[in-house]
Amino acid sequence: MINDVRRIIVNAVKRLGIEAPFVEFEIPREEKFGDLATPVAMPLSKQLKRPPRSIAEDIVKLIGKEGPFEKIEIAGPGFINITFKGEYLCSELKGLLSKKEGYFRQDLGNGRRIQIEFVSANPTGPLHLGHGKGAAVGAALSNLLTAGGYRVEKEYYINDAGRQVRMLGLSVFARYQQLLGIEYPFPEDGYRGDYIEDIARKIIELHGNRYSEMGFQEAGVFFIDFSYKAMLSDIDRDLKDFGIIFDSWQSERDLYARSEVEKAINDLRSRGCLYEENGALWFRSTDFGDDKDRVIIKGDGEFTYFASDIAYHRMKVERGFDEIVDIWGADHHGYIPRVRAVIQALGHPAEHLKVLLVQMVTLLRGGKPVQMSKRAGEFVTLKEVIEEVGADTTKFIFLTRRPDSHLEFDLEVAKEQSSENPVFYVQYANARINSIFANAREKGIEAGEFEGIDFNLLSTPEELRIIKKLLAYTMTFEGAVIAHEPHRITFYLQELAGLFHPYYNRCRVITDDKELSRARLALCEAIRVVLKDGLSILGIKAPERM
RNA sequence: GCCCCCUUAGCUCAGUAGGAUAGAGCACAGGUUUCCUAAACCUGGGGCCGCAUGUUCGAAUCAUGCAGGGGGCACCA
């Protein structure tokens, strides 16, 4: 629908003798303004130094009788408001039914390759709720961009080198000794969760007291490896239970093993971006807008984490992605300038890397915050929440907000099976449609074929409103892809369900009038197509029955 | 001290490449079921878009300042 209109408008603008800008569309707030509006004349006003209304008039004049428009008029400061012919809406609806999701798919990515890195939680503890939000957002964004014509790769970066996993190993080692009745000091900033003891117990199960006589010096390699691998497999399982599959897992150790860190440093050195000072090796990130320069190799010869991050991001750009997306917790925002500096130092534009920050989640139970203390190792894990409210609900709630705004997650509301719970509201619309079709089959109305249906029978205000909403899905989809914002789909689905339920209540689909019933069934089918598509982008099931 | 994010209805939040009289859900008040799932629907009240100045024909949206909330500053990870 929009593409037809866009073509017509672009042609008209060109005949004014100027380049057409990207033509935006919106659904007018009030129905009396028509079905579709574009403010395209307004930005042209500056360029042409003429009032927007007069430009809009010219555009409308140039369009003339072209296009499937019942009415096309100028309103407000210079909007061009369009009302479609009924028959056009019918034929578009027919197109949606025959092409299904192909109707609103657009190739916006043009096959461009894009890597999305997300979750990437340290393998030093179980995934908590915040990781879950990153996971839901990352997976939905991947689905969205794939549907929008990008070639997407989802990657998880494993911090399996350095101090953190070492601390994990030491924590487990301490618990191991203690479980065997040997006094052993627990490290000051060690990991205190119960899972540490679980791992230690597992080691005893498999290897008994073989390591009890050793110091951490000697047993460390084993404890570190065993522990982080155990954590990683828990993480992997939690993600799978959450319905999230990665295409690749990049290990930090692997970057060292393959000399990628060394290569990256040499690369930066040859570009003149490094210098030595006080016995340390620095990256001059201030050349690219960072607050201060950053250390890559410390005075004691150790690499900082930033060193492997440089290697990692260098590898990302070398692998030829057209765009790189990193999804991070908001507490890492201070890291953006230095990583961006790396991208630029390597000769790529800063926009090549897009960092999406995911804000925190506050867990509520019955309106009251659930206390979490990271120090004591007490936090609510993703796994616990999935077990309590289900993976689909959890994902949907994560996607009902912009990722960069705080989210309040109320467990009681999430479990509610009523319209108070937006997930149920949307899924129930789909289930309800299925049950209408079941009913139709019982009454002997063939619902499978939509040939020869008289769509003009769909003439109530509710029906027209729904048809227009369905056709507008293309716009929502397009906007979501361009902005990289899956939550727009979530909002759309809630609105669509919000049109369907009242319609269901007001108009019977299956009546004695067979032709009318078939037309209404077709409308329901179209709603189902869109609901299913939207939900699948969000990574959420569309249950047939609830 | 410096940097980033947030501030929109009682609550939770949409809306920001500037555009029409600022929206939704929940909560609140009242109503609806001989009918495909009442797990639903209808009606209603509700706003200094944190404050101030500026840019503009036009600002919730842009700029500057201030206030409040959150996060971050390292040869930590």
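Throughout, protein chains are lettered first and strands after them, A, B, ... in sequence-line order, and every chain is numbered starting at 1. Reckoned from all heavy atoms, side chains included, excluding hydrogens, waters and symmetry mates.
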**Message:** Heavy atoms only, 4.0 Å cut-off, all strands: where does A:G299 land among base, sugar-phosphate and nothing?
**Reply:** base
**Prompt:** Given the C1' atoms of B:C73 and B:C57, what is the spacing between them in whole Å?
**Reply:** 45 Å
**Request:** Determine the Euclidean distance between corresponding C1' atoms of B:A20 and B:A60; express it in Å to zero decimal places.
**Result:** 15 Å
**Complete:** B/S/- along nucleotides 15-24 of chain B (protein heavy atoms under 4.0 Å) is SBB-BBBSS-
**Interatomic distance at C1', B:G58 relative to B:G46, whole Å** = 28 Å
**Request:** Sticking with atom C1', work out how far B:G15 lies from B:C4, rounded to a whole angstrom.
**Result:** 23 Å
**Prompt:** Which part of the nucleic acid, if any, lies within reach of A:D410 when heavy atoms closer than 4.0 Å are counted: base, sugar-phosphate only, or nothing?
**Reply:** nothing
**Asked** Side-chain donor-acceptor pair under 3.5 Å between A:Y305 and A:N159, yes or no?
**Response** no
**Complete:** Closest to the 5' end of RNA chain B, once A:T400 and A:E544 are matched to their nearest nucleotides, is A:T400
**Prompt:** Which is true for A:Y425 with a 4.0 Å heavy-atom rule: it touches a base, it touches only sugar-phosphate, or it touches nothing?
**Reply:** sugar-phosphate
**Message:** Looking at A:R163 and A:E302, is there a salt bridge between them, counting it only when a charged N and a carboxylate O are closer than 4.0 Å?
**Reply:** no
**Message:** Measure CD/A:E408 against P/B:G69 and give the value in whole Å, please.
**Reply:** 17 Å
**Message:** Nearest to the side chain of A:R432, heavy atoms from C-beta on, is which of B:C42, B:A38, B:U12?
**Reply:** B:A38
**Prompt:** With a non-hydrogen cut-off below 4.0 angstrom, is A:K292 in contact with a base, only sugar-phosphate, or nothing?
**Reply:** sugar-phosphate
**Asked** How far does the P atom of B:A74 sit from the matching atom of B:A63, given to the nearest Å?
**Response** 26 Å
**Complete:** A:Q359 atom CD is separated from B:G69 atom C1', nearest whole Å, by 11 Å
**Message:** Heavy atoms only, 4.0 Å cut-off, all strands: where does A:C507 land among base, sugar-phosphate and nothing?
**Reply:** base
**Request:** Scan A:E277 against the nucleic acid and name what it touches under 4.0 Å (heavy atoms): base, sugar-phosphate only, or nothing.
**Result:** base
**Asked** Quick one: A:L356 CG to B:C5 P, roughly how many Å, whole number?
**Response** 14 Å
**Prompt:** Charged N to carboxylate O below 4.0 Å: is that the case for A:E388 and A:R365?
**Reply:** yes
**Asked** Salt bridge or not for A:R253 and A:D225, using N-O below 4.0 Å?
**Response** yes
**Prompt:** Taking atom types as modelled, is there a side-chain donor on A:Q494 or A:Y425 under 3.5 Å from an acceptor on the other?
**Reply:** no
**Prompt:** Can you tell me if the side-chain N/O atoms of A:R506 get under 4.0 Å from OP1 or OP2 in B:A40?
**Reply:** no
**Message:** Starting the side chain at C-beta, find the nucleotide from B:C36, B:C75, B:C13 nearest to A:I436.
**Reply:** B:C36
**Prompt:** Roughly, in whole Å, what's the span from OH in A:Y504 to P in B:U33?
**Reply:** 16 Å
**Message:** Please determine whether any donor N or O and acceptor N or O are separated by less than 3.5 Å between the side chain of A:H333 and the base of B:G72.
**Reply:** no
**Item:** Pairwise P distance, B:A22 and B:A29 [rounded to whole Å]
**Value:** 28 Å
**Request:** Taking the six-membered ring of A:F437 (Phe, Tyr or Trp), confirm whether the NZ or CZ of A:R528 is under 6.0 Å from its centre and within 45° of its axis.
**Result:** yes
**Fill in**
Result for 5'-nearest mapping on RNA chain B, choosing between A:V165 and A:D331, is A:D331
**Asked** Does any N or O in the side chain of A:K133 come within less than 3.5 Å of the main-chain N or O of A:Q359, such that one atom is a donor and the other an acceptor?
**Response** yes
**Item:** Name of the residue among A:E260, A:E155, A:Q250, A:E252 meeting side-chain hydrogen bond (donor to acceptor under 3.5 Å, both in side chains) with A:Y312
**Value:** A:E155
**Asked** Taking the six-membered ring for Trp, are A:F491 and A:H487 parallel (under 30°), tilted (30 to 60°) or perpendicular (over 60°)?
**Response** perpendicular
**Message:** Could you tell me how far apart A:K298 (NZ) and B:A74 (C1') are, to the nearest whole angstrom?
**Reply:** 10 Å
**Item:** C1' atoms of B:U21 and B:A17, separation to the nearest Å
**Value:** 25 Å
**Donor + acceptor pair across side chains of A:H313, A:D326 (<3.5 Å)** = yes
**Request:** Round to the nearest Å and state the distance from A:L357 atom CG to B:C5 atom P.
**Result:** 9 Å
**Prompt:** Taking the six-membered ring for Trp, is the centroid-to-centroid distance between A:F216 and A:F223 below 6.0 Å?
**Reply:** no
**Message:** Expressed as a whole number of angstroms, how long is the span from A:E188:CD to B:C76:C1'?
**Reply:** 15 Å
**Item:** Phosphate OP1/OP2 of B:A74: any A:R338 side-chain N/O under 4.0 Å
**Value:** yes
**Asked** Given the C1' atoms of B:U33 and B:U8, what is the spacing between them in whole Å?
**Response** 38 Å
**Item:** Any donor-acceptor N/O pair, A:Y228 side chain to A:R166 backbone, under 3.5 Å
**Value:** no
**Request:** Assign A:S405 to base, sugar-phosphate, or nothing according to its heavy-atom contacts below 4.0 angstrom with the strands shown.
**Result:** sugar-phosphate
**Item:** Dot-bracket line, read 5' to 3' along RNA chain B, where crossing pairs take [ ] and | marks a partner on another strand, Watson-Crick or G-U under 3.5 Å
**Value:** (((((((..((((.....[...)))).(((((.......))))).....(((((..]....))))))))))))....
**Request:** For A:I336 and B:C5, give me the distance from atom CD1 to atom P, rounded to whole Å.
**Result:** 9 Å
